[in-house]
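Order of appearance sets the numbers: ligands from 1, and atoms from 1 within every ligand.
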Amino acid sequence: MEHAPTGHAADDAPGPANYVPLSPVSLLHRAADIYPSKIAVIDGERRFSYTEFRARCCRLASALVARGIGRGDTVAVLAPNTSAMLEAHFGVLMAGAVLNAINIRLDAPTIAYCLRHGKARILLADTEFAALTRAALAQLDAPPPVVDIHAEGFDAHISDTTYEALLSGADPAFRGPGAQDEWQTVSLLYTSGTTGNPKGVLYHSRGAYLNALSNALITGLTPECVYLWTLPMFHCNGWTYPWAVTAVGGTHVCLRKIDAGAIFELIERERVTHLHGAPVVLNLLIHAPAEQKRPITHRVDIGVGGAPPPSRVIADMERLGVHVTHLYGTTETYGPSAICAWQTDWHTQPADAQARLRARQGVRMLAQEDIQVVDTLSGQPVPADGETLGEVLLRGNAVMKGYLDNRDATATALADGFYHTGDLAVRHADGYFEIRDRAKDIIISGGENIASIEVEEALYQHPDILEAAVVAAPDARWGEVPCAFITLREGATLSPEAIQQFCRERLAHFKSPRHILFGPLTKTATGKVQKFALRAQARAHVDATTGVPS
Ligand code: AMP
């Protein structure tokens, strides 16, 4: 039988009363309205209430708009985790512009590439990175104007305009155009893909808002939370936590540099409740000298991700008295997309079994609709047997719009209605997935991606190098480090140190190969380098040199 019309035709058209484009900026306004005098940001000696924090963000937006910056314009920021970086996460969005947070560990040519490719209209640069900024700008035909974010103890100038002067002349009550629609781009982040140049991942306003709320809820943020910034904000916008912590009206504690002593001190002094980081950060805390360690006497939740955390690291961290949650994600999916969600009956398991369960990458977060592990040839889901390997695919509201000006890479990444992660995993009987390998040719060192091809390209510039292939070697501290296999031209002699020096002059320091092995490269009959065989050789080399099986 046909149903009669319900007569609710007015419901069909969304209007201002029942539809507001989702934007992280709303989260700041709510927090500032409700907690005006609560401390929003602690940055060294400086403390900003929510009223002050909002006013500073509004001033930034007003200053940008006064310079003609608006929708579609890129505002680049080269800074560590300071209050200015947090303010950019709101002020730039209020102006309706696109925030491009740049990795401070990159080398000048790569930063120049990001500024050029991202068409940065303005660059806010921390003066600790004055030399790097100048070197990057020197490579550009039309460098963007620069605003100096003055850093205590770093008095070098890059430009005549300072960030504080920019803010002081601007309107603290400015509300800005903000996002006109949810699909508007709010963030641009460069990520090392498997091909040479970094790719510019674009986030939309809707995904930023939803992933922030998903993270706030699933990692238990409350208005009492005090969040320590151990995770770089230039990585996936700090996994969307600038917006998540603000959503609940929590307190941000800035941190310029990763330093175990400072982290323990801040945990104690500011009563930090949450922090996040790659396994390398956890390792640093575990192995900190006794005089830097402080007993942890209140509840601290640490989210770990960005690289596979060994179960031992999770167990060691828990012994320090903190709660560890394992998160998995990619730049393309706004950071955390999966969580190893705790099940109550895991309590009954022995400690080492618990640690193994928790080293699995888990299940989908709220802003993801679906995570599948599929056979790379048939595209069909693998059986949930804990053994069959497949690629991890994701679909949902927190998947990037695409790569800036790169339709081919976007089409490949988002083919068949899923984002293809390039991570290889098994699915367990309880539905949790666990990463076992990587199909993409990247090395993840201390949570930073290194495209093997970029290191290989640098090596090939050396006149004495005939062939080079770079793979990941296991490393106790960094998780993985680059290992180069090199064939020299006949008659040439070259020391590993000379090769490392050559690479350091051309690449960011962390990308230079840590191990160098000479000899012919293992190849297939068709002449293709067999990277899996080289990875096994690299592992054996590390085992032999350290005496510890990896
Ligand atoms: P990025 O785009 O730089 O954030 O790097 C994303 C990649 O880091 C993923 O595709 C994985 O290979 C790796 N990754 C992130 N989190 C985890 C995790 N929890 N376990 C294993 N690998 C991870």
Original post:
Between the side chains of D370 and Q372, is a donor N or O closer than 3.5 angstrom to an acceptor N or O?
Top reply: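 Their side chains do contain a donor-acceptor pair, which is all the 3.5 Å distance test asks for.
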
**OP:** Please examine the side chains of D405 and K119, heavy atoms only from C-beta on, and report whether any two atoms are closer than 4.5 Å.
**Re:**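 Heavy-atom side-chain distance check passes, below 4.5 Å.
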
**OP:** Report the residue from W239, F433, Y432 that forms a ring pair (Phe, Tyr, Trp, His ring centres under 6.0 Å) with Y328.
**Re:**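 For Y328, the ring pair (Phe, Tyr, Trp, His ring centres under 6.0 Å) test succeeds with only one of W239, F433, Y432, which is F433.
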
Original post:
At a non-hydrogen distance cut-off of under 4.0 Å, which region of Q361 contacts ligand 1 (side chain, backbone, both, or neither)?
Top reply: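 The answer is the side chain.
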
Original post:
What do we get for T331 next to ligand 1 when only non-hydrogen atoms under 4.0 Å count, side chain, backbone, both or neither?
Top reply: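 Near ligand 1, T331 shows its backbone as well as its side chain.
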
Salt bridge check: are [X] and [Y] linked by an N-O gap of less than 4.0 Å?
{"X": "D543", "Y": "R539", "answer": "no"}
{"X": "D423", "Y": "R436", "answer": "no"}
{"X": "E456", "Y": "K531", "answer": "yes"}
{"X": "R504", "Y": "D107", "answer": "no"}

Quick one: which ligand 1 atoms are inside 4.0 Å of a heavy atom on [X]?
{"X": "D423", "value": "9 (C), 10 (O), 11 (C), 12 (O)"}
{"X": "G329", "value": "6 (C), 9 (C), 15 (C), 16 (N)"}
{"X": "H326", "value": "18 (C), 19 (N), 20 (N)"}
{"X": "R438", "value": "12 (O)"}
{"X": "P308", "value": "20 (N), 21 (C), 22 (N)"}
{"X": "N449", "value": "1 (P), 2 (O), 3 (O), 5 (O)"}

Does any N or O of ligand 1 fall below 3.5 Å from an N or O anywhere on [X], backbone included?
{"X": "T330", "answer": "no"}
{"X": "L327", "answer": "yes"}
{"X": "G447", "answer": "no"}

Original post:
For atom 16 (N) of ligand 1, what's the nearest protein heavy atom and its distance?
Top reply: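 Among all protein heavy atoms, the one nearest atom 16 (N) of ligand 1 is G306 N, 2.9 Å.
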
Original post:
Which residue owns the protein heavy atom closest to atom 7 (C) of ligand 1, what's the atom, and how far is it?
Top reply: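 The protein heavy atom lying closest is I444 CD1, 3.8 Å.
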
Original post:
Closer than 4.0 angstrom: is that true for some heavy atom of E448 and an atom of ligand 1?
Top reply: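 Flag not set, E448 not near ligand 1.
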
Original post:
Aromatic rings H252 and W229: how do their planes relate, parallel, tilted or perpendicular, breaks at 30° and 60°?
Top reply: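 If you compare the ring of H252 with that of W229, the planes turn out parallel.
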
Original post:
Are R506 and F502 in a cation-pi setup, meaning NZ or CZ lies under 6.0 angstrom from the ring centre and within 45 degrees of the ring axis?
Top reply: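 Yes, a cation-pi geometry.
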
**OP:** Begin with the C-alpha distance, continue with both residues' side-chain angles, and end with the deciding distance and a verdict on salt bridge (charged side-chain N to carboxylate O under 4.0 Å, His left out) for E480 and R438.
**Re:** CA-CA 13 Å; E480 294 176 353; R438 230 175 275 138; 3.1 Å; yes

Original post:
Nearest heavy atom to atom 17 (C) of ligand 1: which of C340, A307, G479, G422 does it belong to?
Top reply: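 Answer by nearest heavy atom: A307.
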
